[in-house]
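For ligands, and for the atoms within them, numbers begin at 1 and follow the listed sequence. Residues take their numbers from the sequence shown, with the count starting at 1.
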Amino acid sequence: MKPVRKAVFPVAGLGTRFLPATKAIPKEMLTVVDRPLIQYAVDEAREAGIEQMIFVTGRGKGALEDHFDIAYELEAVMKGRGKSLDPLEITRFPPGAIQSVRQQEPLGLGHAVWCARDLVGDEPFAVLLPDDLMVGSPGCLAQMVQAYEKVGGNVVCVQEVPRERTASYGIITPGARDGRLTEVRGLVEKPKPEEAPSTLSVVGRYILQPEIMSLLDRHEKGAGGEIQLTDSMAALIGTQPFHGVAFDGERHDCGDKTGFVVANIALALRRDDVAPAVRAFIAGL
Ligand code: G1P
């Protein structure tokens, strides 16, 4: 079984749900406590053993690349003032470890992943959607890699959702269960509650086999007129092992304003430097 060394981060989205905040900055640069969303996803990937980060970007997304570059002026000024460069440590990567490719048009998540096909090549890869902020130890992708090492094939992260929410997610048809692992027998993108095969939704974390790229090559449109990753994953079922892993941790949907505010509170409460004051403020409410 080939190890998962590469991760694709689809980050070309316009972030219209966060306007005007995202007019001039990428939504992935929105900050939870003191880190942009992209940093949480990249940290999670690094912890899971990923060596190569692939950003699928678009126009106006340069801040994402700058974030992981060396900021010479900033560092020179900080050094001159005797300030520690430690907070920048997590933004440092070896040369070449962060690559990017552009998705010129917003044609869907499946299309975004397909744009990375040459950088991914012929090996399994992870996909992380930075909107889904996953908090746990070990991290979500690390838990999935552990499962992948047992079952191989394709692995997605799954989570129960209320039936009235199925139209916001990819939903699986579950097969046999073994602890946190569920066999995936079918997948459908954003079904209406009355048509959903279950209430087990796909969260934005995937480990996929490279064969998905030749299915994405077909550019078939699905739900919402977009090229959906879900449809090509569904086509792999039966040809390769396919499992869902229930994450042992918390998911915050930062693609949504409420989820984003809650994520800030939840993560602030886990941070020794800010938790006491934030907790006191909340208690005062
Ligand atoms: C995407 C996927 C969907 C998945 C969701 C998880 O949808 O298409 O299958 O359940 O991410 O966050 P989006 O949220 O981009 O509409």
Quick one: look up the protein heavy atom nearest [atom] and list residue, atom name and how far away it is.
atom	result
atom 7 (O) of ligand 1	K190 NZ, 3.3 Å
atom 8 (O) of ligand 1	E189 OE2, 2.7 Å
atom 10 (O) of ligand 1	V202 O, 2.5 Å

(message) Using the rule side-chain hydrogen bond (donor to acceptor under 3.5 Å, both in side chains), only one of H219, Q103, E105, K221 pairs with H111; which is it?
(response)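 Going through the options one by one, the only one that passes is Q103.
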
Close-contact set for ligand 1 against [X] heavy atoms, below 4.0 Å:
X	value
T230	9 (O)
D132	6 (C), 12 (O)
Y169	10 (O)
G170	3 (C), 4 (C), 9 (O), 10 (O)

(request) Scan the protein's non-hydrogen atoms and note whether one is under 4.0 Å from atom 15 (O) of ligand 1. (result) no

(request) Please name the pair of heavy atoms, one in C140 and one in C157, separated by the smallest distance, quoted to 0.1 Å. (result) SG-SG, 3.7 Å

(request) Search all heavy atoms of D132 against all heavy atoms of G204 and return the closest pair with its distance. (result)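 Shortest heavy-atom contact: OD2-N, 2.7 Å.
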
(request) Evaluate the side-chain proximity of R46 to I90: yes if any heavy-atom separation is below 4.5 Å, no if none is. (result) yes

(message) For L129, which part has a heavy atom under 4.0 Å from ligand 1: side chain, backbone, both, or neither?
(response) side chain

(message) Using a strict threshold of under 4.0 Å (side-chain N to carboxylate O), is an ion pair present between E250 and R270?
(response) yes

(request) Determine yes or no for a side-chain-to-main-chain donor-acceptor pair under 3.5 angstrom, with R17 supplying the side chain and D256 the backbone. (result) no

(message) Any donor-acceptor pair under 3.5 Å linking the side-chain atoms of S100 with those of E65?
(response) yes

